[in-house]
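Take a look at the structure set out below.
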Amino acid sequence: MSEKSRFEYVREGAKTRDGVDIVYYEPNLPPGSKAERRMVRLVAFMLLLSGLAALIFVAAYIWWPFTDFPATDGWEYKPGNSFMKGYTPILGLSLGLALFLIGFAVLIWGKKLMPHEIALQDRHDGGSDPEERKLTGNTLAFIGEEFGLGRRPLLKVALLAPAAGLGAAALAVPVGMLIKDPHNPDELFRTGWSPEANGGKMVRMMREDMTPIRPEDVSIGGQITAFPMTADGLGATNKYADSPVLLIRLRPKDAEFLRSQLHHHPVNVGGMYGDLVAYSKICTHAGCPASLYEQQTNLLLCPCHQSQFKITENARPVFGPASRRLPMLPIELDGEGYLVARNDFNGVPVGPAFWEKPAA
Amino acid sequence: MLTRSPAARKVTAALRMLAALVLAGGIYTLISPSAQATAPLSAAAQEGKALYDTSCISCHGNNAQGVEGRGPSLLGVGSAAVEFQVETGRMPAARQEAQIERKQPLFDDAEARQLGAYIQELGGGPEIPFAGQTAPAGDIANGGKLFRVNCSSCHAFSGGGGALSSGKYAPTLELSTDRQLYAAMLTGPQNMPVFGDNQLTPEEKYDIISYVQNLKSDVDPGGWGLGRFGPVTEGLAIFLFGMVALAFAALWIAGKS
């Protein structure tokens with residue numbers, strides 16, 4: 001069946017059965033002309049580039065350094081450029097370029113390589129009979145032929161590039177998430193307060209400027225954000241980002257009340273030092289710093305989703321989406337009168353829930 | 001044993017009596033409340049007492065001892081707390097509610113300081129260490145670090161304030177003077193935690209004050225800071241304006257083809 005006869009089928013069927021009158025039809029560029037070949041090459045070039053950009057996305061997702069602390073940036077944010085800071089931009093740029101190019105290629109294909117056509121159609125009611133469906137099938141096949149993939153093998157090959165690239169890009173994230181095992185090493189259950197981070201000795205509490213904290217440094221109704229004074233000196237950096245605690249000195253009668261409540265949450269018994277109490281600063285809902293301390297109402301608020309924890313009731317969540325208590329860091333004094341953590345939150349993991357996290 | 005004449009014994013007894021009377025009177029003078037009331041107040045404190053007795057006494061009571069159910073005792077709160085509460089118009093408060101808000105102050109700064117002097121001389125407590133309106137210049141960069149650790153969770157990174165529980169909120173720092181910032185950190189008004197001198201040294205407080213004042217003097221590029229509230233307002237803005245722009249772009253494309 002030649003192209004001509006198929007077109008006649010289409011025009012005849014459209015006119016007599018569908019009431020669609022094709023009043024104007026001509027190829028955009030003369031088939032086989034120089035201009036057409038140029039457009040084909042342009043579209044193919046864009047498709048190839050799109051595939052390349054998608055492959056760059058996959059390669060960057062896998063190999064671009066984003067956790068190479070401290071080799072590139074150290075454990076603390078430093079101004080200036082480094083490869084690590086390019087991670088997110090390179091992902092966005094490459095994927096954006098891949099999608100933009102494939103879109104642009106399709107636009108040019110439609111504008112320059114598809115025939116010009118004007119068709120008029122009256123509305124009709126009801127479904128179509130088998131004969132009409134046969135005509136429709138031929139019409140669709142004709143449209144497929146109009147793309148000219150048979151005549152333009154370069155485009156057929158070029159289309160494989162974005163298909164492969166974008167397919168891999170779409171798979172990269174879900175597959176990537178299955179590869180890393182969070183329990184090796186088991187960092188979800190360990191923070192910088194573990195004596196392992198300090199050569200087996202109990203870890204001192206320190207300010208962000210690495211000065212240790214004495215009990216009298218916290219005013220009544222006052223708070224200090226405390227970091228673990230680990231042996232490697234990186235306690236206040238991103239290496240121990242899950243470790244900060246809020247050290248609070250309660251008013252004496254509030255502290256008395258909390259002491260009377262500790263046995264309701266037995267893991268906290270003996271965790272206070274005098275009127276001082278330390279809770280993990282990492283919200284148990286989504287991991288934001290729950291550090292808005294209301295000293296009159298004894299509430300700890302999380303600014304992200306408005307969770308509220310009652311300090312004097314073992315940091316029980318009283319409002320908002322959080323459903324677990326903030327873990328209490330058991331504290332005492334060391335030989336030189338500085339505050340230390342007796343152990344690592346009594347083994348209670350900090351932060352948001354995960355599958356294996358025990359109920360608390 | 002030495003014997004004395006009756007006359008000598010009478011003289012000795014009279015002297016003992018006199019000594020006892022002087023001792024009793026002296027102790028009474030030292031410990032009686034009226035003795036405190038007559039302890040000399042400085043001129044500023046006397047002015048402050050006059051203001052106190054007309055505007056504060058109904059809730060905070062005679063001699064700042066507090067009135068059950070109306071107002072707390074002010075003994076020991078110090079002049080810093082008084083100056084903060086009065087200068088920002090929070091005191092005198094009209095009524096007790098979730099939050100006592102900043103308003104047009106009833107007293108000027110000089111009167112606030114006189115009230116502060118009076119309360120300070122009554123019961124002692126934290127004081128603002130610098131005399132003038134402006135704090136000694138501090139290290140802005142270090143202040144920024146301390147602000148982000150200690151202040152930004154409630155007052156937001158730009159000092160714009162934010163919501164707390166049950167209708168309370170952390171106020172904006174937009175109107176705060178150096179003295180008010182210092183006094184707030186030192187005394188922890190309302191639900192704000194206290195940052196005593198062991199926690200943030202006076203120098204660190206100056207650093208924070210310099211940072212906050214520097215932050216406030218920043219201009220907003222583009223002219224509209226969106227309250228500097230961050231991603232929520234910016235997201236809302238781009239949603240409203242960006243979506244409208246996209247809708248018009250779609251209309252334009254449809255019109256062209």
Side-chain angles (χ1 to χ4, degrees), chain A residues 76-77 79 103 107 110-111 116 206-227 236 244 246-251 276 281 283 288-311 317-320 339, chain B residues 72 76-78 80-81 96 98-100 125-126 139 141-157 160-170 184-201 203-205 207 229-232 253 256-257:
Chain A
E76 215 170 336
Y77 179 85
L107 269 184
K111 282 251 177 214
H116 281 310
M206 66 173 189
R207 299 179 180 81
E208 74 284 354
D209 62 0
M210 308 200 45
T211 51
I213 301 171
R214 290 184 185 278
E216 61 269 25
D217 291 351
V218 195
S219 324
I220 295 175
Q223 53 151 50
I224 285 185
T225 297
F227 302 89
L246 207 59
L247 176 64
I248 297 167
R249 181 188 289 280
L250 297 167
R251 274 182 292 271
L276 290 169
K281 204 175 170 176
C283 183
C288 293
S291 57
L292 281 68
Y293 165 43
E294 289 187 5
Q295 56 114 340
Q296 287 181 333
T297 52
N298 287 313
L299 287 175
L300 273 181
L301 275 57
C302 178
C304 291
H305 306 100
Q306 284 69 48
S307 292
Q308 298 176 10
F309 302 89
K310 188 76 177 169
I311 297 168
V318 293
F319 182 86
L339 286 164
Chain B
V77 302
Q96 292 201 350
Q99 177 132 350
I100 296 173
D139 175 355
N142 189 43
K145 208 170 176 180
L146 293 167
F147 185 88
R148 286 187 287 277
V149 172
N150 294 296
C151 321
S152 65
S153 51
C154 296
H155 290 290
F157 289 94
L164 297 176
S165 72
S166 309
K168 299 187 282 292
Y169 62 90
M185 286 187 268
L186 190 60
T187 64
Q190 301 194 48
N191 263 305
M192 177 167 163
V194 180
F195 295 91
D197 283 347
N198 284 333
Q199 224 165 310
L200 291 172
T201 64
E203 285 68 35
E204 287 174 327
K205 290 193 178 81
D207 292 349
F229 279 140
V232 172
I253 290 171
K256 287 281 279 186
S257 43

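In the text below, chain A, chain B and the rest are named by the order of the sequence lines, each starting its count at 1. Note that the structure is a prediction, hence the values are computed from the model and not measured.
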- Message: Strictly less than 4.5 Å between heavy atoms, which residues of residues 293-303 of chain A line up against chain B? Please order them by number.
- Response: A/Y293, A/E294, A/Q295, A/Q296, A/T297, A/L299, A/L301, A/P303
Report, one line per pair, each donor and acceptor closer than 3.5 Å where one atom sits in a side chain of residues 148-155 of chain B; sequence neighbours left out.
{"from": "B/N150", "atom 1": "ND2", "to": "B/L146", "atom 2": "O", "distance (Å)": "3.2"}
{"from": "B/S152", "atom 1": "OG", "to": "B/R148", "atom 2": "O", "distance (Å)": "2.8"}
{"from": "B/S153", "atom 1": "OG", "to": "A/S291", "atom 2": "OG", "distance (Å)": "3.4"}
{"from": "B/H155", "atom 1": "ND1", "to": "B/P171", "atom 2": "O", "distance (Å)": "3.0"}

- Message: So for A/R249, is it side chain, backbone, both, or neither that comes closer than 4.5 Å to the heavy atoms of chain B?
- Response: neither
- Query: Does any heavy atom of chain B fall under 4.5 Å from the side chain of A/I213, the backbone, both, or neither of them?
  - Reply: neither
- Note on the structure: Heavy atoms of A/G222 and B/Q199 approach each other most closely as C-NE2, 4.1 Å
- Note on the structure: So, the part of A/Q223 with a heavy atom under 4.5 Å from chain B: the answer is both
- Message: How close do B/G196 and A/S219 get, counting heavy atoms only, and between which atoms?
- Response: N-OG, 2.9 Å
- Could you grab the distance from atom CG of B/D197 to atom CG of A/D217, nearest 0.5 Å is fine? 11.0 Å
- Please look at A/K111 and chain B and tell me whether the side chain, the backbone, both or neither of the residue comes under 4.5 angstrom of a heavy atom of that chain. neither
- Interchain contact, B/A170 with chain A, by part (heavy-atom threshold 4.5 Å): neither
